[in-house]
Amino acid sequence: MKNRILSLLKQTMDELVQEGFVPGYELNTINITTPPNKDFGDFASNIAMTMAARAKKPPRDIANAVKVKMEALGDIIDRIDIAGPGFINFYIKPVVWTSVLNEIHDQKELYGTSSLGAGKKVQVEFVSANPTGPLHIGHGRGAAVGDTLVRILAAAGFDVEAEYYINDVGNQMNNLGLSVLSRYRELFGEKITFPDQGYKGEYIKDLATALSKIHGEDLLRQNQSKAVEICREFASRSILEEIKSDLDTFNVSFDRFFSESTLYENNEVDIMLEYMKDQGLSYEDDGALWFRTSRFGDEKDRVLRKNDGTLTYFAPDIAYHKDKLARGFTQIIDIWGADHHGYVPRMKAAIEALGADKDCFNALLIQLVSLVRQGKPVQMSTRSGEFITLKEIIDEVGKDVARYFFLMRRCDSQLVFDLDLAKKKSDENPVYYIQYAHARICSILANASEQGMYADMETADFELLATGEDLELIKVIATYPDVVAGCAADLEPHRIAFYLLDLATAFHRFYNKNRVLSDDGRMTKARLVLISAVKQVLANALALMGIEAPQSM
RNA sequence: GCGCCUGUAGCUCAGUUGGAUAGAGCAACGGACUUCUAAUCCGUAGGUCAGAGGUUCGAAUCCUCUCAGGCGUGCCA
C-alpha cells in the first residue's frame with residue numbers, strides 16, 4: 001500500500017517538475033511515513049517542506065499543488081489534507097485496504113516476501129564458536145539473531161547462505177587436548193597439575209571418561225604429543241557434534257560449516273600472505289610480519305605472523321574472507337559479540353586490501369546477555385567453567401521463548417534475560433500473548449467448521465470490514481511486507497518481534513469487541529476471511545523468528 | 001589517554017534514518033466473563049528524551065563539550 005502511494009506521489013512530482021513548478025529532485029528525497037496519529041491519515045509525506053527552500057515557494061503552496069494533482073489521479077485515495085507546516089496527509093479509501101485479504105489468500109506463506117534482494121548473493125556468518133565447549137547463552141543470542149536474519153533476507157528475495165566458521169586450529173585446541181588429557185590421567189589416579197589456561201568445565205571430565213571407555217589405559221602409555229592429539233581430536237569432534245545438536249533443537253540451521261583447517265589444507269593462508277607481499281601491503285619488522293591496515297583507516301598496523309613464527313588469528317581470518325569474496329557474495333555479514341568491535345576496522349581494511357568495496361562487509365555486533373533469576377543476576381564466567389549453557393536455557397524455558405527473548409531487543413542494546421518472566425505462562429510473557437492470538441483464531445475456525453462454515457473468498461463481502469476494529473486489524477496486516485523489507489534493508493531482525501506484538505494486540509482488541517461467529521451470516525463470512533488472513537500473517541511472522549504457531553494452548 | 005556502544009515513564013524497552021501532541025509492556029489504581037480460549041480487553045495516572053550549547057522552518061534523532069555505565073585499546077582468540 002505504501003508503495004502504491006509512493007509511486008503515485010512520484011508521478012505527481014515528475015509532472016510538477018516538467019511544468020517547471022518545482023526544480024528537479026533526487027529520488028530518495030521522497031519519503032512516505034505513517035503519521036503518529038490516526039487523525040493525520042494513513043500515510044504522510046513531508047516532500048513539500050523539504051522542497052520549499054529549493055523551489056523558493058511556501059511549503060503549503062507546493063503541498064496544495066500536489067493535493068490537486070493527486071486527488072485527480074488515483075482511485076485509491078479518499079482525500080488529501082494539508083496540515084501543520086506543510087505535511088501532506090493521505091487518506092486511503094477504506095475498501096481499498098481490504099484488497100490485502102485477497103493478496104494474503106493468494107500468496108499464503110509467501111505473503112510478506114519481496115524482490116528487494118533479487119540477484120544479490122548474501123552470506124551471513126554467525127555463532128562460529130570454537131569447538132572447545134558447549135554453546136552458552138551469549139552464543140544463543142547470536143544464533144537467534146543470525147538465523148532470523150537469514151530467514152528475513154531470504155523472504156526479502158536475497159540469495160542467502162548461512163555459515164558457521166569452525167576455529168579448529170591453534171592454541172586453544174591444544175589447550176582443549178591438554179585439559180582432557182589431564183582429566184583422563186586423573187581418572188586413573190595420577191596426581192596432576194591442571195593447566196593454567198585449561199578448560200575447567202565439568203564437560204571436560206565427561207569427555208575424559210568417554211575416552212577411557214574407548215581406549216582404556218592406552219593413552220597413559222602414549223607419548224605426550226600423540227596423546228594430546230588423540231584427546232584434541234576426540235574432544236573437538238564430540239563437542240562439535242553437541243553444538244550441532246544444540247543448534248538443531250534451537251531450530252537454527254546452517255548451509256555450511258566451514259573449517260579453518262581447510263584454509264591450510266588448500267594453502268589459502270600462504271596464498272593470501274603472498275598476495276599481501278606482492279601488493280606491498282605487508283612488511284617485516286621486529287621479526288614479525290605486519291599488514292599495513294593503517295593505510296585503510298585502521299589506527300595502526302597489525303601483525304600477521306608473530307616473531308615466534310606462528311600466525312595470529314587475524315591471518316587465517318583474512319584468508320577466510322578472501323575465500324568468501326571468491327565465492328561471489330555481494331554482501332558479507334559477520335555476526336560477532338560486541339567485545340570484538342575493535343576488530344571491525346582491521347577486517348574492513350582487509351576487505352579493502354583484497355580489492356573489494358569495504359561496504360560489502362558488515363559486522364553486526366551483538367551486545368552482552370546477562371541472566372536474572374528471582375531479581376538477582378546469575379554469575380557467569382567461562383574461565384572458571386561456571387556458565388549457563390544454551391541447552392540449559394532451552395530446557396528451562398523452551399525454544400520458542402528463548403528465541404523470542406533474544407530478539408526482543410535491538411542488537412546493540414544489552415539484554416537482561418529474566419528467567420522467571422520467561423517461564424511465566426501469563427500475559428506478562430509476550431511469547432504466550434502472541435501464540436495465544438494464533439491459537440484463539442484456530443479455535444474459532446474449528447468451531448466454524450463444525451457448523452460447516454469456512455472462509456470463502458467468493459461469497460465474503462469485504463465492505464463490511466471497512467470499519468472499526470476490523471479495518472484497524474486489516475491495516476496492521478497490510479504493513480507486514482513493509483516490515484519484512486525494512487528488517488532486511490537495515491539488518492534489524494528485532495522489528496519482527498515488535499511487529500508480532502502489535503499484530504497480536506490488534507487481534508485481541510478486535511476479538512474482545514466483536515464476535516466472529518454470529519447470527520449475522522454475511523458478517524460471519526466476512527470475518528472468517530479476516531481472521532484466516534490474520535492467522536496466516538501471525539504464522540508467517542512467527543516462522544521468520546523460528547517460533548511455533550500453536551493450534552491450541 | 002584514545003576508540004566503539006548505551007543513557008527515553010518507577011522497571012524493561014520501541015521510536016519508520018530530521019517531522020506533527022515522544023509510544024508500548026510490566027508494576028500501581030479503577031472497570032469488563034449467561035458471549036467463538038479472561039494466557040484476553042477497556043480506562044486512569046506516570047516524562048527536563050542524562051546535562052549544556054549548536055546546526056534549521058522543525059532535534060530523542062545530526063555536530064561539539066560534560067557526566068554516568070558497558071566494552072575495546074595484545075606479536076590473545
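Each chain gets a letter, A, B and so on, in the order the sequences are listed, and its residues count up from 1. Keep in mind it's a predicted model, so treat the numbers as computed, not measured.
- Side chain of A:H508, nearest nucleotide from B:U17, B:A14, B:U40: B:U40.
- Residues from residues 288-295 of chain A placing a heavy atom under 4.0 Å of any atom in RNA chain B, listed by number, are A:A288, A:W290.
- Among B:U37, B:G15, B:C41, the nucleotide with an atom closest to any side-chain atom of A:E492 is B:G15.
- Between the P atom of B:A14 and the CD1 atom of A:I496 lies a distance of 16 Å, rounded to the nearest Å.
- Distance from the side chain of A:F87 is smallest to B:A20 among B:U37, B:A20, B:C75.
- Closest to the A:T33 side chain, of the nucleotides B:C76, B:U17, B:A39, is B:U17.
- A gap of 16 Å separates the P atoms of B:G25 and B:A14, to the nearest Å.
- Nearest nucleotide to the side chain of A:D490, out of B:C13, B:U17, B:C75: B:U17.
- In RNA chain B, stems built from 3 or more consecutive Watson-Crick or G-U wobble pairs, each with both distances under 3.5 Å, span B:1-7 with B:67-73, B:10-13 with B:23-26, B:28-32 with B:40-44, B:50-54 with B:62-66.
- In this structure, A:R79 is positioned above the aromatic face of A:Y91, its NZ or CZ under 6.0 Å from the six-membered ring centre and within 45° of the axis.
- With a glycosidic angle more than 90° from 0, B:U8 adopts the anti conformation.
- Between B:A14, B:A20, B:C75, one nucleotide has an atom nearer to the side chain of A:P35 than all others, and that is B:A20.
- Proximity note for A:R409 (side chain, C-beta onward) versus B:A77, B:C13, B:C36: the nearest is B:C13.
- B:C49 has its base anti relative to the sugar, with a glycosidic angle deviating from 0 by more than 90°.
- Taking only side-chain atoms of A:D286, from C-beta outward, the nucleotide of B:C13, B:C75, B:G72 with the closest atom is B:C75.
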Under 3.5 Å, which protein N or O atoms sit close to an N or O of nucleotides 4-7 of chain B? Give each pair with its distance.
residue : atom : partner : partner atom : Å
B:C5    : O2'  : A:D412  : O            : 3.1

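- Rounded to an integer number of Å, the gap from CG of A:N31 to C1' of B:G19 is 10 Å.
- The side-chain tip of A:R440 points at the ring of A:Y511 from less than 6.0 angstrom away and within 45° of straight on.
- Minimum atom distance to the side chain of A:T50 is reached by B:G19, of the listed B:G19, B:C13, B:A77.
- Ring orientation note: the planes of A:Y480 and A:Y499 are tilted relative to one another, at an angle of 30° to 60°.
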